[in-house]
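For reference, the structure discussed in these notes is given below.
In this text, all values refer to a predicted model and were calculated from it rather than measured experimentally.
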Amino acid sequence: WDGRLNAFQRLLVVKSFRENLLQLAVRRFVAEELGRTYVLSPPFDLVGCFRDSQKTTPLIFVLSAGADPTDALLKLAKDNDYLDRLQFVSLGQGQGQKAETLIHLGRQSGDWVCLQNCHLANSWMPALERIQELQDPNTIDDMYRLWLTSMPSSSFPVPVLQGGIKITNEPPKGLRANLSRTFQEITPDIYEGCSKSREFKKLLFGLAFFHAAILERRKFGPIGWNVPYEWMDSDFQVSREQVAMYLESQPGVPWITLNYIIAEVNYGGRVTDDKDVRLISFFLKRYVNEGLLTDGYKLSSLDTYYAPKEGSVEEVREMVQGFPLDDDPQVFGLHPNALITAQTNSANQFLGTVISVQPRSSSSGAGKSPNEIVYEMADDFSKRVPPRMKPKDAHADTYKKTPEGGIVSLGVFHSQELTRFNVLIDRVSNTLKTLGKAILGLVVMSAQLEDMFNSFVLQQVPPLWGEPISYPSLKPLNAWMTDFEERIAFMGSWLRQGPPASFWVSCFYFPQGFMTCSKQVHARKTKIPIDALSFFTQPTTLKDFKTATVPEDGVNVHGLFIQGCGWDFPSARMSESEKGILFVELPVIWMRVVVHKDFEQLCTREGLYTCPLYKTSMRKGTLSTTGHSTNFVAYFRLPSLVDDQGHWVRRGVAILCMLDD
């Protein structure tokens, strides 16, 4: 088949069967069609860029995470005897006038002016555009240069970007490259500068390995970190200096202090998600512990990575060069399957970028036009939209009355969810009908309908159907529609047949509300205050929720998926993932209601992992007005055969309410 297909046809096959390998196939396609020059990154040549520039041409550094061009610019200025004539100003609130003055003086004197972080000065960017457009070459010194640094930003003036020399320098990728760069910047004076030489050298290597590992772990997406943090070299330098300070001032190695200062303060100061705070603490303990002082201490489950013997910094640099170029996910505490996740995420981002720059042209061949395709989709979806659910059709137990005359807590919850689903049903039904009429020219195609049309073309859920009127979902359009029908079917079944033996907790807009109402039912039955109750999760061996029976207390839930590990169904415990299996659907889980004292005692069992439950695979969320995260739901306690909870934390194990397809 390799000989029968052309380069683009091979791309289509890879996209269909092995999407995680798409970028490798794209690289091969570009190399064959355009040449290898276009797939190899050119070396960072600031000197060459300077020589190509003119006094009227700005030099623009396009910043990327972890890469700082300041040192390279300072070196260039020093080599040209311009170090004293290089003027810096970091843009931000109130710095615009200062920057304008420096530009004016620099043009007269021939100084270099560097405006840092242009993306933070959105309101001043029009002024920068005006200054560049009105410049007069005859009044500018020939040695004057304007340097600009900015993250990619829509506010950066396009004329300035088009007229300037664009420079970018990607940070080193891979554990070996990161470690090599770190130890190239560590001089022999620093390396030999502590009186406790052996301890300092060992800790320094463990700290450098930790710094490189947490940076590289970001490429695995949410299973690596919920939020991709921008740790900098300054975090490492401060931690290195503190290690030396504590070793000089303490009789021994203060392991607890170092773990807290480095993980919770220096690096943890940038961490905003509490689940990531837990991860970074467990992560550092792998590299900063008493075992590190032993020669040959393994820094991962692989034999390749180990702590060096006490020696010179040159010997450490040579040892680092022996590390593999390609990183195994196990180095970062992840399962090898995480590489598939990282490659798939990268491929999806690449495809999203490609789609975003595509023209919205109509078909001119024998195939259907976009109008015909979207009209057929809208017509098909219209026929599939379920009717509104009516409270008058409710089963006697759904909104059962309490002795006080109110409705049972779960009935109140169902009523609230039903109202929200009915609003969504109306929105979906009405917009589909209006879109069909707009395509036929019977009504005006508004901006919202045009967005909906474009979303249908790209198989995306239209903004009109998104949050806040809908629930969080990352599914493509067809999968979203199927999931929507299934949710309505479950809610309708609960309405007409009464509360089920097992609840599809993923179905709800607000799963936290379901859990609170379930506890309230138990509190009213037992007369125990709801504040004194907690849920203790006990997985069952039931794969089919239809065979579940109503528990004496608490509720059964189903429809959840676990990521980052496998599941041993006979023993109802966590296990290591099977090769290529990224997600496993969990069995029915009994959410047992217990008092706090019993809950605390149950949580002391060996091998219990405190597993976060999220609505979507994105994991990160924001605090809503209710005080709850828009993504995090609750912690489930899951049994495993591994006593070290840190093992599963480093694996990035979490439960998801739904998958992305």
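In the displayed structure, Lys543 atom NZ is contacted under 6.0 Å by at most 12 heavy atoms of other residues, nucleotides or ligands. Heavy atoms of other residues, nucleotides or ligands lying less than 6.0 angstrom from CD of Gln448 number 12 at most. Counting heavy-atom neighbours within 6.0 Å of Lys475 NZ, excluding the residue itself, gives a total above 12. Within a 6.0 Å radius of CD in Glu486, other residues, nucleotides and ligands contribute more than 12 heavy atoms. By the neighbour-count criterion of 12 heavy atoms within 6.0 Å, atom CE of Met618 is sparsely surrounded, having that number or fewer from other residues, nucleotides or ligands. The number of heavy-atom neighbours closer than 6.0 Å to CZ of Arg18, taken from other residues, nucleotides and ligands shown, is 12 or below.
Counting heavy atoms from C-beta on, the side chains of Thr630 and Glu467 never come closer than 4.5 Å. The side-chain heavy atoms of Asp379 and Lys383, taken from C-beta on, include a pair separated by under 4.5 Å. Side-chain contact check for Ile214 versus Tyr229: every heavy-atom pair is 4.5 Å or farther apart. For the pair Met491/Arg420, no side-chain contact is recorded, criterion being any heavy-atom separation below 4.5 Å from C-beta on. The shortest distance between side-chain heavy atoms of Arg384 and Thr482 falls below 4.5 Å.
Classification of the Trp648-Tyr609 ring pair by plane angle, with boundaries at 30° and 60°, yields tilted. Ring planes of Phe490 and His558: perpendicular class, angle over 60° (limits at 30 and 60°). Using the six-membered ring where Trp is involved, Phe413 and Trp494 have ring planes that are tilted, between 30° and 60° apart. The aromatic rings of Trp480 and Phe484 lie parallel to each other, their planes meeting at an angle below 30°, with 60° marking the opposite boundary.
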### Task
Run the numbers on Met574 and His647 for side-chain contact (heavy atoms from CB on, under 4.5 Å), then give the verdict.
CA-CA 12 Å; Met574 299 166 63; His647 172 77; over 6 Å; no
Derivation of the side-chain contact (heavy atoms from CB on, under 4.5 Å) call for Arg218 and Glu230 = CA-CA 10 Å; Arg218 294 181 305 186; Glu230 306 295 341; 3.6 Å; yes
_Is there a side chain to side chain donor-acceptor pair (under 3.5 Å) between Thr547 and Asp544? Walk through the geometry before answering._
CA-CA 6 Å; Thr547 61; Asp544 186 0; 5.2 Å; no
TODO: Walk me through it: do Leu351 and Lys15 pass the test side-chain contact (heavy atoms from CB on, under 4.5 Å)?
DONE: CA-CA 10 Å; Leu351 287 173; Lys15 168 65 176 72; 3.3 Å; yes
For this session: Start with the C-alpha distance between Thr341 and Leu334, add both sets of side-chain angles, then the distance that settles side-chain contact (heavy atoms from CB on, under 4.5 Å), and finish with yes or no.
Result: CA-CA 11 Å; Thr341 304; Leu334 295 165; over 6 Å; no
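Considering all non-hydrogen atoms of both residues, Asn345 and Gly221 come closest at ND2-CA, 4.2 Å. Shown here for Thr541 and Phe569, the closest heavy-atom pair between the two residues is CG2-O, 3.6 Å. Residues Ser153 and Ser150 approach most closely at CB-OG, 4.5 Å, considering heavy atoms. In terms of heavy atoms, Val227 sits closest to Asp276 at N-OD2, 3.3 Å. Considering every non-hydrogen atom in both Thr398 and Gly498, the closest pair reads OG1-CA, 3.4 Å. Contact detail for Lys433 and Ser382: the closest heavy-atom pair is N-OG, 4.4 Å.
With Ser16 contributing its side chain and Leu12 its backbone, the two residues share a donor-acceptor pair below 3.5 Å. Side chain of Asn631 to backbone of Tyr614: no donor-acceptor contact under 3.5 angstrom is found. Judged by distance alone, the side chain of Ser506 and the main-chain N or O of Met658 form no donor-acceptor pair under 3.5 Å. Side chain of Asp661 to main chain of Ala479: no donor-acceptor pair is present (N/O by atom type, distance under 3.5 Å, no hydrogens or angles). Of the possible donor and acceptor atoms, none in the side chain of Gln343 sits under 3.5 Å from a partner among the backbone N and O of Gln23. A donor-acceptor distance shorter than 3.5 angstrom exists from the side chain of Arg217 to the backbone of Gly224, with no hydrogens or angles considered. A donor-acceptor distance shorter than 3.5 angstrom exists from the side chain of Asn337 to the backbone of Ile581, with no hydrogens or angles considered. Without hydrogens or angle criteria, Thr537 side chain to Phe636 main chain gives no donor-acceptor distance under 3.5 Å. Looking at Arg651, its side chain does come within 3.5 Å of a backbone N or O of Gly333 through a donor-acceptor pair.
Atom CG of Asn348 and atom OG1 of Thr353 lie 10.5 Å apart (nearest 0.5 Å).
Looking at Thr431, Leu435, Val428, Asn430 one by one, the single match for side chain to side chain contact (heavy atoms under 4.5 Å, CB included) with Leu464 turns out to be Thr431.
A cation-pi contact links Arg487 to Tyr471, judged by a cut-off of 6.0 Å to the six-membered ring centre and 45° from its axis.
The ring of Phe508 has its center closer than 6.0 angstrom to the ring center of Phe514. Note: Phe283 and Phe332 fail the aromatic proximity criterion, with ring centroids not under 6.0 Å apart.
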